[in-house]
Amino acid sequence: MAIQVYFVRHGQTYLNRYNRMQGWSDAPLTEKGKADAKRAGKLLSKVDFDYLFSSDLPRTLATARLLLAADENTDITEPIPEPAFREEFFGSFEGQNGAEFADFLGGAEGYHSFAAMVGGWGPDKLKDKIAAADQYGDAEDHVQFWDRINKGFDRLRALPDGSTVVVVSHGATIRSIAAHYSTELDPGESPRNGSITKLTLDGDSTHVDFYNKLEIPE
């Protein structure tokens, strides 16, 4: 039997609102962000999930708790923190203005937004370019990123067959996962705050059932 996984992007934060690079750095949820989380919780109340994992960063944990509070059908009271599903780490570029960073890294090739860089280079090449440009050497390249993410998938695959799981995670992480396992998605399309992406894990295979939805398809 397969394992069904619903990835939820955290609610909007103030750094999202101000278009700042937000990887391992963090900011509180805005009022919109709290509403994003509650909306996702009401949508997932239709799903009888067995486990709720969350990145261990404050914005995802806050989203997960609001999600649970909005779901009248779950007996789960607390998310299980899982550092493997953290956001991509941007190193010394954390907190930088997103448009200015895109001009710095991608402007020479005509890319003036994060979405344009991802769409043009793909998620993994972009990670390597960010890592190479970080003078402190802290930003994750694609090998470091996937080594971490794969540990999270190992944990999911170790769950009992037939499990249904919710994972609260991050925009670049969810986009990277979806683009890795599907060639049909536009990698420049970022998951919206509070959106849901569903994967099916069946043996060694991983299938993206839907991506970046604000409603759960029938």
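All values derive from a computational prediction rather than experimental measurement. Counting from 1, the numbers follow the sequence of the chain as shown.
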With a 3.5 Å distance limit and no angle check, can you tell me whether Asp134 reaches the backbone of Ala139 through a side-chain donor-acceptor pair?
yes

Ring-plane angle category for Phe89 and Trp24, please: parallel below 30°, perpendicular beyond 60°, tilted otherwise.
parallel

Note, Pro123 side chain near Lys127 side chain (heavy atom, < 4.5 Å)
yes

Quick check on the hydrophobic clustering: are Phe49 and Phe53 connected, directly or via other members, by side-chain heavy-atom contacts under 4.5 Å?
no

Any donor-acceptor N/O pair, Ser195 side chain to Pro191 backbone, under 3.5 Å
no

Where do Leu44 and Val8 land on the side chain to side chain contact (heavy atoms under 4.5 Å, CB included) test, with the steps shown first?
CA-CA 10 Å; Leu44 289 166; Val8 179; 3.8 Å; yes

When you group the ILVMFWY residues by side-chain heavy-atom contacts below 4.5 Å and let the links chain together, are Leu43 and Leu68 in the same group?
yes

Can you tell me if Asp36 uses its side chain to pair, donor with acceptor, with the backbone of Gln12 under 3.5 Å?
yes

Is the backbone N or O of Ser55 less than 3.5 Å from a side-chain atom of Thr60, with the two atoms forming a donor-acceptor pair by type?
yes

Salt-bridged, Glu189 to Arg175, with N to O below 4.0 Å?
no

Gap between atom OH of Tyr6 and atom CD1 of Ile216 - 0.5 Å precision
5.5 Å

Work out which heavy atom in Ser45 is nearest to a heavy atom in Asn73; give both atom names and the distance.
O-ND2, 2.8 Å

Apply side chain to side chain contact (heavy atoms under 4.5 Å, CB included) to Val5 and Phe153, showing your working.
CA-CA 10 Å; Val5 186; Phe153 272 86; over 6 Å; no

Side chain to side chain donor-acceptor pair (under 3.5 Å) test vs Gln4 passes for just one of Thr200, Asp202, Thr164, namely Thr200

Indicate yes or no: does Glu140 engage Arg148 in a salt bridge with an N to O separation below 4.0 Å.
yes

Once rounded to the nearest 0.5 Å, what's the spacing between atom OG of Ser169 and atom CZ of Arg86?
11.5 Å

Write down the atom of Ser54, the atom of Leu61, and the distance for their closest heavy-atom approach.
OG-N, 3.5 Å

Rounded to the nearest 0.5 Å, how far does CG of Leu52 lie from CD of Glu82?
12.5 Å

Could you tell me whether Lys32 atom NZ has more than 12 heavy atoms of other residues or ligands within 6.0 Å of it?
yes

Looking only at heavy atoms, the pair that brings Gly162 and Asp50 closest together is O-OD2, 4.3 Å

Greater than 12 external heavy atoms within 6.0 Å of Arg17's CZ
no

When every non-hydrogen atom of Leu185 is compared with those of Ser182, the smallest separation belongs to CG-OG, 3.7 Å

Hey, does Asn19 have a side-chain heavy atom less than 4.5 Å from the side chain of Phe101?
no

Is Asp154 paired with Lys151 through a side-chain N to carboxylate O contact shorter than 4.0 Å?
no

Nearest heavy-atom approach of Glu87 to Leu57 is N-CD1, 4.3 Å

Mutual orientation of the aromatic rings belonging to Phe7 and Phe85 [parallel < 30°, tilted 30-60°, perpendicular > 60°]:
perpendicular

Note: Thr173 and Glu88 closest approach over all heavy atoms is OG1-N, 3.5 Å

Holding to ring-ring contact (aromatic ring centres under 6.0 Å, His included), I want the full list of residues that pass it with Tyr111, two or more places apart in sequence or in another chain.
Trp121

Taking NZ, NE, NH1 and NH2 as the nitrogens, is one of them in Lys42 or Asp71 under 4.0 Å from a carboxylate oxygen of the other?
no

Hey, what's the ring geometry for Tyr14 with Tyr18, parallel, tilted or perpendicular (30° and 60° as the breaks)?
tilted

Here the gap from Glu215 atom CD to Arg39 atom CZ, rounded to the nearest 0.5 Å, amounts to 8.0 Å

Salt bridge check: are Glu78 and Arg65 linked by an N-O gap of less than 4.0 Å?
yes

Spacing of CG belonging to Asn193 relative to NE2 belonging to His10, to within rounding of 0.5 Å:
6.0 Å

If you measure from the Lys or Arg side-chain nitrogens to the Asp or Glu carboxylate oxygens, is any gap between Asp26 and Arg59 under 4.0 Å?
yes

Could you state whether Ile196 and Tyr211 fall into the same hydrophobic cluster, counting links through intermediate Ile, Leu, Val, Met, Phe, Trp or Tyr residues with side-chain heavy atoms under 4.5 angstrom apart?
no

Hphob cluster co-occupancy, Met21 + Leu105, side-chain heavy atoms under 4.5 angstrom
yes

Please walk me through it: do Asp138 and Phe93 pass side chain to side chain contact (heavy atoms under 4.5 Å, CB included)?
CA-CA 10 Å; Asp138 290 335; Phe93 300 114; over 6 Å; no

Check step by step if side-chain hydrogen bond (donor to acceptor under 3.5 Å, both in side chains) holds for Arg20 and Asn97.
CA-CA 5 Å; Arg20 297 283 173 172; Asn97 178 278; over 6 Å; no

Please walk me through it: do Arg9 and Asn16 pass side chain to side chain contact (heavy atoms under 4.5 Å, CB included)?
CA-CA 12 Å; Arg9 186 185 177 194; Asn16 292 148; 3.5 Å; yes

Separation of Ile3 CD1 from Thr206 OG1 (nearest 0.5 Å):
10.0 Å

side-chain hydrogen bond (donor to acceptor under 3.5 Å, both in side chains) assessment of Gln22 paired with Thr13
CA-CA 9 Å; Gln22 184 179 215; Thr13 70; 2.9 Å; yes

According to a hydrophobic-cluster definition based on side-chain heavy atoms being under 4.5 Å apart (Ile, Leu, Val, Met, Phe, Trp, Tyr only), do Phe210 and Leu214 belong together?
no

